[in-house]
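For reference, the structure is listed below as structure tokens.
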Amino acid sequence: MMIVPSPQKKTPAKPPPNSPEPEREKASRRTKPVAPFFAPKNLAPSSDIPSSSPAFATPAHTLRPFQAPAPAKAAILPIILPPATLRPLAFRTFTKKHNLTLTSSALQELATFIGRHCGSGWREQGLAEKVLEEVSRAWKNRNGGVIVDGSSAELKDILKTLEGNMSGGKIIIGPRGISRQNSLLLEPADDADHSKTRLGLRPTASLLRNDSQGSMGMSNLGFADEPDDDAAVKDARRWLKVVHAFEQPRFVYNVAKKHFERDPSKPSILPVAAHRTDMFRNRFNVIHQRLLRNEAFQTSAVAGSRGSTLRRTASSALQSHKITPISNLLGRHGSHHMLLGMLVILPTGSLAISDLTGTIMLDLSHAVSIPENSAWFTPGMIVLIDGVYEEEEESMGKGLSGSSGVGGTIGGRFQGFFIGQPPCEKRKATLGVSGPDGGADHTIGGGFGWIDFLGVGSERAVGSRMRKLEQRLLRQPALAEPDDPWRGRIVIIGELNLDQPRSLQALKKILGLYASDPEGSTPMTFVLTGNFTSHAVMARGGSGGSIEYKEFFDALASTLADYPMLLTTATFVFVPGDNDGWVSAFSGGSAVPLPRKAVPDLFTSRIRRVFAAANSEAGLPNNSSTNGDAKKGGEAIWTTNPSRLTLFGPSHELVLFRDDISARLRRASVRLKTKAKEPTAAGDEDVAMVGAAAEAEVMDVDTEDNNNPPGGQLQQQPDAAAAAEVPYDVGAARKLVKTLLDQGFLAPFRQAVRPIHWDYAAALYLYPLPTAVVLVDTTAPPFCITYEGCHVMNPAGVLVTGKKGAARWVEYDVGRVGKVRECTF
């Protein structure tokens, strides 16, 4: 009888009894799968007991149960989708629904992507609409801006991420696709943890919540949807951040896209000369685009279609102004125009106005300011001038300042009759914010709300959440305990000359008043500004100046050490002046280039040790070692001049600036024609007083009756004569504030008067308007004034001039107004 051998592989010889087979080899042989190519096609159900005879060709071990293969993805036939066919649908989704603007390159990228992954059913099945909706949401979450550019890396990353989550032309949303909460918020450059999240797997512990929120500008804020109920979250100082001038993001206004873009170039202290021209061009473009959005410079299409009869009867309030480029004045002798340009001085010493198209000589001998005596006008400012263009004969050419046209100067002159500052724009209008201040029903539409100007998160991304957090941490505790002092206070101490012993005595008195407040109700921030010496000590030469300079800060450290409770519960911010090191070593106290760096750590080391010792005695960690711990200790921050202080992200922005700008404005201002004060009839007096009252309504002095600067609080009174009598100090403060905020720049002077680091000029912009400005100017009277929603404060010097033993400072309630306070010591 013939025995038929089994078709399976021969079983290897059994090892001898004394050498047992390792268990690992047994397990590997038992779990080794059979190659799919050699597997039998039709397998009969096998028994759990192996066959006793090899003739039946049964395997030694049971086969795995049959598993149905995973369904294959639905096949999509790619098509070529013309961008013009997709344009109506993209317009409805991006522009009408999300207020975004698509460029032609972005439309081409989207048409190619939809045609490749959605196929012929992109319109009938609604596949393209879902893709466009997801792309628009992802673009907003990444803070991409209003203009969607096809060449941008953000759009390519979004499409690349979206491509891995599509099946059959549809976007997979669920456990195996992208989630709606973190839809397309992960960067494609991240590693395997982010890939697991996109594939629906559970991420490892290294993927934190902040990673998914980084694209919305929230990672630097430490914000969580449901904060833990501990001491760190209850302290608003956790969301306080000081932005130094050299670390502030640099943005440039793109005229073609009508949007702000990040400056890709690397900043330098010694840049090429072309960067100076770029700085002035960007200043002009920012003011010009702001001016075109003003109602007075917008032409109504309805009014333009009416007849000439209606235009003659229209009121002057409805007439719109039109800005004429300087180059368009040629050949238009005797015509009336309004110019927007910068006041400059020609090489011959004549005054001229210049814009991006040319320069023309200016005659302001008959010009008056509108409103009268309401602002300063100096060379270096961008102003509005209304007047008449007058050509000159060729025989009357005056070289560089006349009709020769050398250096872009056109012939003739411009006779100005009215001159004024470009009107300011409120912060809400710039960011596109509507609704009551501080309310929970803020809505954002349009504007620059998606731009993160300071690196703390944009208004659209984190603004509403930060306001809710502020309401819980600051507003509600203040309402619950109205008798206790408010935690959300910022104490602003003016010029503190440490070389004068009376200044340290005044500082002790001020700190002693706040140290007596109940625990948990002390101010969260103290701002101390220079000059920290009354003259440039380090300019004397040798090592004696630096040693003496350090001894002054050691004396300040001894004063601060007497108040440990303030050192452990508050943040002290120090802003330098022109007399502080190191820059004063060669400037001698004169105007130095802005922005300027902080006081070196070499001189402030003892102050830092005082804060570290106070935190260690209280059992609190230093600021450098806190990462969301239970409680945060006090800290000392030496910042630049100027700098920004933000609280709750973009909700509150406080500009800190130390400069004697009033004296510089008086020295460099242009003299204008003033009206002679003559006795007039009663009717004329009424007209003049109505104008004065209207001017008084523009700006309000926010002080309290018991602690107010000279002039007190200005209120709208029915008596016009009382409204016309504005004290000199109040009028000077209004004039300074209006000039600075209308210019939107902290140093609107010529480079010879106030030099600027060209590549770091972004730190000097006041656009969008901050919520508050601390302008420490010892040559101006102390004041607290609100103009166009921006609160400007000037504490002047800590020592009151003309009073012996009197100290002065400003106490600012965050989100409200400040008040000038005085005390005796």
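FYI, side chains are in, hydrogens and waters are out, and symmetry mates aren't considered; it's all heavy atoms of this structure. Counting begins at 1 with the first residue of the sequence.
Two residues are said to be in side-chain contact when any heavy atoms from C-beta on lie closer than 4.5 Å; F377 and S669 fail this criterion. Contact check for W139 versus F94: no side-chain heavy atoms found under the 4.5 Å cut-off. No side-chain heavy atom of L654 sits less than 4.5 Å from a side-chain heavy atom of T771. Proximity of T93 to V135: side-chain heavy atoms (C-beta onward) are nowhere separated by under 4.5 Å. Residues F251 and D263 fail the side-chain proximity criterion, which asks for heavy atoms closer than 4.5 Å.
Among residue pairs with one or both ends in residues 336-347, those qualifying as side-chain hydrogen bond (donor to acceptor under 3.5 Å, both in side chains) are T324-H337, S335-H337, H336-D386; sequence neighbours excluded. The list of salt bridge (charged side-chain N to carboxylate O under 4.0 Å, His left out) pairs with a residue in residues 274-292, not counting sequence neighbours, reads D278-R281. Each side-chain hydrogen bond (donor to acceptor under 3.5 Å, both in side chains) pair with one or both residues in residues 753-764, not counting sequence neighbours, appears once here: H275-D759, D659-R754, Q751-W758.
The pair R332-E391 does not meet the salt-bridge criterion, since no charged nitrogen lies less than 4.0 angstrom from a carboxylate oxygen.
Between the side chain of S458 and the backbone N or O of I451, no donor-acceptor pair lies under 3.5 Å. Judged purely by atom type and a 3.5 angstrom limit, N282 uses its side chain to pair as donor or acceptor with the backbone of Y253.
Scored by the salt bridge (Lys or Arg N to Asp or Glu O under 4.0 Å) test, E109 finds no partners at all (sequence neighbours excluded). For R644, the salt bridge (Lys or Arg N to Asp or Glu O under 4.0 Å) partners at least two apart in sequence or on another chain are E653.
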Could you list the donor-acceptor pairs under 3.5 angstrom formed by side chains in residues 411-419, with sequence neighbours left out?
residue : atom : partner : partner atom : Å
R413    : NE   : E390    : OE1          : 3.2
R413    : NH1  : D363    : OD2          : 3.0
R413    : NH2  : E390    : OE1          : 3.3

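With hydrogens and angles left out, the side-chain atoms of T430 and E425 include a donor and acceptor closer than 3.5 Å. For S136 and H98, the side-chain atoms include at least one donor-acceptor pair closer than 3.5 Å. A donor-acceptor pair shorter than 3.5 Å can be found between the side chains of H244 and T639.
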Decide side-chain contact (heavy atoms from CB on, under 4.5 Å) for V131 and I171; before the verdict, give the C-alpha distance in whole Å, the side-chain angles of both, and the deciding distance to 0.1 Å. CA-CA 7 Å; V131 172; I171 302 176; 4.3 Å; yes

Checking side chain to side chain donor-acceptor pair (under 3.5 Å) for the pair Y767/Q289: CA distance, chi angles, key distance, verdict? CA-CA 12 Å; Y767 187 81; Q289 62 87 24; 3.0 Å; yes

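Geometrically, R664 engages F749 in a cation-pi contact defined by less than 6.0 Å to the ring centre and at most 45° from the axis.
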